[in-house]
Asks: 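So that we are looking at the same thing, I have put the structure below in structure tokens.
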Amino acid sequence: MSVEIKVPSVGESITEVQIGAWHAEQGKWVAQDSEIVELETDKATFDVPAPLDGIIVEILKKTGEMASVGEVIGYLEEAERPADQAAPAPEKGPEKAAAAPAPKAEAPAHAGGGSDDRVMPAAARVMAEKGLSPADVTGTGPGGRILKEDVLAHQGGAASGNGAFREEEIVPMSPIRKKIAERLVEAQTNAALLTTFNEVDMSSVMELRAQYKDLFLKKYDVKLGFMSFFVKAVVDGLSQFPQINAEIRGTDLVFRNYYDIGIAVGGGKGLVVPVMRNAERLSFAEIELKINDFGQRARANKISLDELQGGTFTITNGGVYGSLLSTPIVNPPQSGVLGMHGIQERPIAVNGQVVIRPMMYIALTYDHRVVDGREAVVFLKRVKEALEEPARMLMEI
């Protein structure tokens, strides 16, 4: 019995998806509920599971092609597991954490077969023509990626002299990259964006982290990071300056008594901003647990569409990538975004004395249609004060 593999409905606003990677090859047997194909939308990436045990008998849509919701992209024929195919290892949940992990099998090195994330498409085509496998070629590209020139050089086909080979590769933009581009242009075009800056002495936060990090980790099984302090400081500031937590809706200005904070994290397909709902109700531990969960699932492309929608304010941390100073862009229809940056020890004047302190520049980009300059500057100053004296957040002063 053949079963259709269809594009499932993933949200009211989603009508089309892009086919990502097929995790199963045509003619191969797959287990029920195993992930068989990755689908990309303009908001997130998700996997389609196998509805039953069977063999992929036909793939209708290749990687990079578009498909509509409900469209058939392949066929699965019900079949029992082949005798020569080992059973898949069970997922390791919390209750199975003590079980020893199965050893990782090495990828087969057969000529022209299989797939390898290190092999660029142009290189893969030449390798297939020449009957080579990734194990035969040394990659010189970023991260050890195998380029077309590496394959030609291995075969003695590189140009004489220094062996330089120049090429271009045209790759379609993914839906999420298209949406990021669209939203950034929209923000620049439709909003009156300005950025104000300040700097924070991170000594107090760093001392608190050093003092309690071991106890925090032991009790909550998650590290105490900087982001929980910033979320708390931002919520404190937004409660004092509600304009920055507001948005324009038509000809109205919408104010909220809740704080849904978007946390920008790097994902497998690009930057995503999952939303931490009702951040004002969360403890330091709950915030850190959510951020840790967001980070892990973003890297695995497991953030759901619902988690990416909404949000009243955003925090982005360019410091993890080495940024010293930047101007973040507001995520419409929000009216503000806070940019964190790298911490550097710098000489500053304190009580007439020059001392060395761990300093961080912070930036607030805001929509001037909603937020006046005074509110923006004082909000950022409030965030600075809360971070330099964390006890103020507890005392609400």
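We use all heavy atoms of the structure for the numbers below, so side chains are in, but hydrogens, waters and symmetry mates are not. Computed from a predicted model, the values in this text were never measured in an experiment.
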Asks: Find out whether Leu238 and Ile261 are in side-chain contact, i.e. whether some heavy atom of one side chain is under 4.5 Å from a heavy atom of the other.
Replies: yes

Asks: Give the minimum heavy-atom separation between Leu76 and Pro51, together with the two atoms involved.
Replies: CD2-CD, 3.7 Å

Asks: So do Phe46 and Glu38 actually touch side chain to side chain, heavy atoms under 4.5 Å?
Replies: no

Asks: Is Val273 linked to Ile291 within one hydrophobic cluster, defined over Ile, Leu, Val, Met, Phe, Trp and Tyr using a side-chain heavy-atom separation of less than 4.5 Å?
Replies: no

Asks: Val234 and Phe379: which non-hydrogen atoms are nearest, and at how many Å?
Replies: O-CE1, 3.9 Å

Asks: Side-chain donor-acceptor pair under 3.5 Å between Asp201 and Ser203, yes or no?
Replies: yes

Asks: Start with the C-alpha distance between Val222 and Leu217, add both sets of side-chain angles, then the distance that settles side chain to side chain contact (heavy atoms under 4.5 Å, CB included), and finish with yes or no.
Replies: CA-CA 5 Å; Val222 67; Leu217 179 62; 5.5 Å; no

Asks: According to a hydrophobic-cluster definition based on side-chain heavy atoms being under 4.5 Å apart (Ile, Leu, Val, Met, Phe, Trp, Tyr only), do Val377 and Val383 belong together?
Replies: no

Asks: Can you give me the closest heavy-atom contact between Ala24 and Ile56, atom names plus distance?
Replies: CB-CG1, 4.0 Å

Asks: Could you check whether atom NZ of Lys290 has more than 12 heavy atoms from other residues, nucleotides or ligands sitting under 6.0 Å from it?
Replies: no

Asks: How close do Val275 and Gly311 get, heavy atom to heavy atom, and via which atoms?
Replies: CG1-CA, 3.9 Å

Asks: With side chain to side chain contact (heavy atoms under 4.5 Å, CB included) as the test, would you mind laying out the steps for Val3 and Glu78 before giving the verdict?
Replies: CA-CA 8 Å; Val3 175; Glu78 187 174 13; 5.8 Å; no

Asks: Under 3.5 Å, side chain of His341 to main-chain N/O of Tyr361, donor-acceptor pair present?
Replies: yes

Asks: I'd like to know if the side chain of Asp53 reaches the main chain of Glu80, judged simply by a donor and an acceptor atom lying under 3.5 Å from each other, with no hydrogens or angles considered.
Replies: no

Asks: In Å and rounded to the nearest 0.5 Å, what is the CG to CZ distance from Leu282 to Arg277?
Replies: 12.0 Å

Asks: NZ of Lys6 to OG of Ser68: how many Å apart, nearest 0.5 Å?
Replies: 12.5 Å

Asks: Is it the case that the side chain of Gln334 and the backbone of Thr314 share a donor-acceptor pair, with hydrogens and angles ignored and the cut-off at 3.5 Å?
Replies: yes

Asks: Any chance you could measure Leu39, atom CG, to Asp47, atom CG, to the nearest 0.5 Å?
Replies: 7.5 Å

Asks: Ignoring hydrogens, what is the shortest heavy-atom contact between Met227 and Ile315? Give both atom names and the distance.
Replies: SD-CG2, 3.7 Å

Asks: Does any N or O in the side chain of Asn245 come within less than 3.5 Å of the main-chain N or O of Tyr258, such that one atom is a donor and the other an acceptor?
Replies: yes

Asks: Can you tell if the side chain of Leu194 reaches within under 4.5 Å of the side chain of Tyr366, non-hydrogen atoms only?
Replies: yes

Asks: For Glu280, what residues pass the side-chain hydrogen bond (donor to acceptor under 3.5 Å, both in side chains) criterion, not counting sequence neighbours?
Replies: Asn278

Asks: Given 3.5 Å as the limit, does a donor-acceptor pair link the side chain of Thr365 with the main chain of Pro328, or not?
Replies: yes

Asks: CE/Met202 to CZ/Arg357 distance, rounded to the nearest 0.5 angstrom?
Replies: 13.5 Å

Asks: I would like to know whether Ile329 and Val337 meet side chain to side chain contact (heavy atoms under 4.5 Å, CB included); could you show each step before the answer?
Replies: CA-CA 7 Å; Ile329 299 180; Val337 55; 5.9 Å; no

Asks: Please answer whether the main-chain N or O of Ile59 pairs with a side-chain N or O of Gln26 as donor and acceptor at a distance below 3.5 Å.
Replies: yes

Asks: I need the Met66 CE to Glu40 CD distance, nearest 0.5 Å.
Replies: 9.0 Å

Asks: Quick one: are Asn331 and Arg183 in side-chain contact, heavy atoms under 4.5 Å?
Replies: yes

Asks: For the pair Glu182 and Lys178, find out whether any cationic side-chain nitrogen is under 4.0 Å from an anionic carboxylate oxygen.
Replies: no

Asks: CZ of Phe197: more than 12 outside heavy atoms within 6.0 angstrom?
Replies: yes

Asks: Quick check with a 6.0 Å cut-off and a 45 degree axis cone: is Arg209 positioned over the face of Phe226's six-membered ring?
Replies: yes

Asks: Is there a donor-acceptor contact under 3.5 Å from the side chain of Ser204 to the main chain of Glu388?
Replies: yes

Asks: Could you tell me the separation between the CE atom of Met359 and the CD1 atom of Ile362, rounded to the nearest 0.5 Å?
Replies: 10.0 Å

Asks: Check whether any side-chain heavy atom of Val231 sits under 4.5 Å from a side-chain heavy atom of Ile263, and report yes or no.
Replies: yes

Asks: I want to check something: taking the side chain as every heavy atom from C-beta on, are Leu338 and Leu380 in contact at a cut-off of under 4.5 Å?
Replies: yes

Asks: So does Asp236 get a backbone contact from the side chain of Arg382, meaning a donor-acceptor N/O pair under 3.5 Å?
Replies: no

Asks: Does a side-chain N-to-carboxylate-O contact under 4.0 Å join Asp372 and Arg374?
Replies: no

Asks: Are the side chain of Asn292 and the backbone of Leu289 linked by a donor-acceptor contact shorter than 3.5 Å?
Replies: no

Asks: So, applying side-chain contact (heavy atoms from CB on, under 4.5 Å) with Ile146, which one of Leu132, Val137, Val126 is it?
Replies: Val137

Asks: At their closest point, which heavy atom of Ser335 faces which heavy atom of Glu247, and how far apart are they?
Replies: OG-CA, 3.8 Å

Asks: With the side chain counted from C-beta on, respond yes when Leu208 and Pro390 share a heavy-atom pair under 4.5 Å apart, and no when they do not.
Replies: yes

Asks: Please check: side-chain N/O of Asp367 versus main-chain N/O of Ala191, any donor-acceptor pairing under 3.5 Å?
Replies: no

Asks: Check each of Phe216, Phe230, Phe229 against Phe284 using the ring-ring contact (aromatic ring centres under 6.0 Å, His included) test, and report the only one that passes.
Replies: Phe229

Asks: Using the side-chain hydrogen bond (donor to acceptor under 3.5 Å, both in side chains) criterion, which residues pair with Thr63? Sequence neighbours excluded.
Replies: none

